[in-house]
Amino acid sequence: MFETGFHVFIKRAVVIGNGFAGAENQCIGLLRALGLSSRYSLHRVMRPRGAVNEWLHWLPVSVHKKVDNVIRKICDDSRCILGKKVMPALVENDGKNAGLLGVLEADANQIAKMARETFDRDGPLLVVASGRDTISVASSIRQLAPESVFVVQIQHPRLNLNRFDLVITPCHDYYPLTPEAQDQIPWFLRSWITPREPPDSNVVLTVGALHQADSAALRIAASLWHDELAPLLKPLLVVNIGGPTRNCQYGEDLAKQLTEMLRNVLWSCGSLRISFSRRTPEKVAKILMKEFSANPKVYIWDGRGSNPHMGHLAWADAFVITADSVSMLSEACSTGKPVYVVGAERCTWKFAEFQKSLHERGVVRPFTGKEDISETWSYPPLNDSAEAASRVIEGSCQARMDHTCLMGFLVSGMSMMKFTQCIELPTQSTLAQSLNCLFRYNRLHSQIIY
């Protein structure tokens, strides 16, 4: 999206991941919006896993590793079941399988050293991290190489937000605790969970999660899945089923309810395709498969073969999505197509606030089983990734990196107008702020330049 101009500032990036697709996809989605999808390396925070280690995930990663090492020294591995160090899974870089060798362990000292040593040649390094386990690594990189990196933390780190150049987090992480929410959260955690309002200037609030399902990705998916999905009878209703979480619990009861509602709307569908996620309980999947597996109108993806998710986003006419997944809802709501939610009333705490915000914006409606899927409706699509990317551009210009890039422009004699055309800034406010930035540096360095 901002490929031409943003590469003047930043030419490469590092993703700090935690091994969970939901977190890492947000980082890669931001890089796609910045035009850096083929210019990043993936580093992961590695936790020991297996056996007793599954009970130690509440510890900070560094402490967890030390505890694991101590236990291994005390206990003989043949008698003490400790599990093993986590190995990175296969990852994809710009749609291509990068394999195990494409993932490195996240070492703050090594990444900071690389950023410092390559700064003169490659410019500042963009560091994008997401997830609780990545917070200490990302903040350490900024502390070790403050003049060589621009650090973006996705998802709310809760404490000391000034450790990062930019924090990108959903609005529902900033909502004030309602009386209902206070009943759901212990009193001693409320001040920690409820952030300060309004947020600091380095905090970017989004509606939902960042993701990779931008227009370019959907065009590619539409082409790749054309032969399978284009011939289907319309309208095509896609049902995405996640899995119960601590703050959105359900089981066979919701599966039976969803089955009945889908049966009621099937008459208005040309085709129906159902997808389960890795979190979908087997008992939930079995209920829907038993009901619909023999229906010629219905196709159920059981996890085998290529994942049709991106193809579904591109070709569907409407969606039904379980309320537990912020990511799946965010992706579907970026298409502008009708999105129906099932199970929203089961969400608690901030996830109930997320569902409320989607309803208030008119991007989702509750699924009742009384809908005519052939009747469409529209709304302004969510555009969180692009909006967050514009704030990264704005922030990188205003922060420590702007000295290098602006001095380069000014020394070369590039005019103000030429510069603003080059960076292709998306909004007038961002343009004005960047011009102010230019003038500020022009004044500061006028004696050197002229």
Side-chain angles (χ1 to χ4, degrees), residues 6-19 23-24 26-31 33-34 36 39-47 60-63 65 103-169 173 195-196 199-206 210 388-407 437 441:
F6 188 64
H7 291 168
V8 172
F9 299 92
I10 295 179
K11 302 176 182 178
R12 71 268 171 74
V14 162
V15 170
I16 310 295
N18 58 2
E24 293 179 0
Q26 294 199 65
C27 299
I28 299 170
L30 179 62
L31 295 184
L34 291 167
L36 294 171
R39 303 187 183 195
Y40 75 92
S41 57
L42 175 59
H43 301 247
R44 278 190 182 149
V45 176
M46 308 293 190
R47 274 188 183 271
V61 176
S62 58
V63 177
K65 288 182 177 180
V103 186
L104 303 171
E105 182 164 6
D107 186 310
N109 290 304
Q110 290 185 6
I111 295 172
K113 180 181 178 183
M114 179 268 290
R116 290 193 302 267
E117 292 177 349
T118 59
F119 179 83
D120 291 339
R121 184 188 69 215
D122 299 324
L125 175 69
L126 176 65
V127 178
V128 184
S130 180
R132 179 172 61 90
D133 286 350
T134 69
I135 292 173
S136 60
V137 176
S139 60
S140 295
I141 292 171
R142 185 174 184 266
Q143 185 176 20
L144 292 168
E147 301 302 325
S148 304
V149 298
F150 188 82
V151 178
V152 178
Q153 184 71 35
I154 300 175
Q155 297 181 338
H156 207 303
R158 298 298 173 193
L159 297 173
N160 300 328
L161 272 59
N162 58 358
R163 293 177 291 172
F164 312 96
D165 292 294
L166 210 62
V167 173
I168 301 174
T169 184
D173 262 344
R196 181 176 55 203
D200 293 335
S201 59
N202 69 325
V203 176
V204 179
L205 296 182
T206 63
L210 307 186
S390 70
R391 288 292 303 273
V392 172
I393 294 175
E394 176 186 328
S396 64
C397 176
Q398 292 179 338
R400 62 187 56 79
M401 289 187 287
D402 54 4
H403 175 76
T404 300
C405 63
L406 296 177
M407 284 295 291
C437 191
Y441 273 95

**Item:** Residue list, salt bridge (Lys or Arg N to Asp or Glu O under 4.0 Å) with R163, at least two apart or on another chain
**Value:**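 Once residues adjacent in sequence are excluded, R163 has no partner under the salt bridge (Lys or Arg N to Asp or Glu O under 4.0 Å) criterion.
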**Prompt:** Does V204 have any side-chain contact (heavy atoms from CB on, under 4.5 Å) partners at least two apart in sequence or in another chain, and if so, which?
**Reply:**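 Once residues adjacent in sequence are excluded, the partners of V204 under the side-chain contact (heavy atoms from CB on, under 4.5 Å) criterion are L166, I168, R391.
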**Message:** Once side-chain contact (heavy atoms from CB on, under 4.5 Å) is applied, do any residues pair with A112, and if so which ones, sequence neighbours excluded?
**Reply:**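 side-chain contact (heavy atoms from CB on, under 4.5 Å) check on A112 returns R116, L144, A145.
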Would you say that [X] contacts [Y] through its side chain, given a criterion of any heavy-atom pair below 4.5 Å between the two side chains?
X	Y	result
L31	C27	no
I135	F164	yes
V152	L30	yes
L36	I10	yes
I154	T169	no
V14	V149	no
M114	Q110	no

**Message:** Rounded to the nearest 0.5 Å, what separates atom CZ in R39 from atom NZ in K11?
**Reply:**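 R39 atom CZ to K11 atom NZ measures 9.0 Å (nearest 0.5 Å).
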Counting N and O atoms only, with roles assigned by atom type, does the side chain of [X] sit under 3.5 Å from a partner on the main chain of [Y], one being a donor and the other an acceptor?
X	Y	answer
D133	V45	no
N18	R44	no
N202	V167	no
Q26	S130	no

**Prompt:** Knowing that exactly one of V151, I111, I141, T118 qualifies, which makes a side chain to side chain contact (heavy atoms under 4.5 Å, CB included) with L125?
**Reply:**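 Result: among V151, I111, I141, T118, I111 is the only option passing the side chain to side chain contact (heavy atoms under 4.5 Å, CB included) with L125.
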**Item:** Step-by-step side chain to side chain contact (heavy atoms under 4.5 Å, CB included) determination, V127 to R142
**Value:** CA-CA 9 Å; V127 178; R142 185 174 184 266; over 6 Å; no
**Message:** For a quick check under 3.5 Å, do T134 and Q153 share a side-chain donor-acceptor pair by atom type?
**Reply:**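 Distance-only check passes for T134 and Q153.
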**Message:** When you compare the side chains of R12 and S41, does any donor N or O come within less than 3.5 Å of an acceptor on the partner?
**Reply:**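 No pair is found: no donor N or O on one side chain lies under 3.5 Å from an acceptor on the other.
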**Request:** Please name all residues satisfying side chain to side chain donor-acceptor pair (under 3.5 Å) with T206, sequence neighbours left out, ordered by chain then number.
**Result:**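 Once residues adjacent in sequence are excluded, T206 has no partner under the side chain to side chain donor-acceptor pair (under 3.5 Å) criterion.
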**Item:** side chain to side chain contact (heavy atoms under 4.5 Å, CB included) assessment of Y40 paired with I28
**Value:** CA-CA 9 Å; Y40 75 92; I28 299 170; 3.5 Å; yes
**Prompt:** Would I393 and L34 count as a side chain to side chain contact (heavy atoms under 4.5 Å, CB included) if you check the C-alpha gap in whole Å, the side-chain angles of each, and the deciding distance to 0.1 Å?
**Reply:** CA-CA 8 Å; I393 294 175; L34 291 167; 4.0 Å; yes
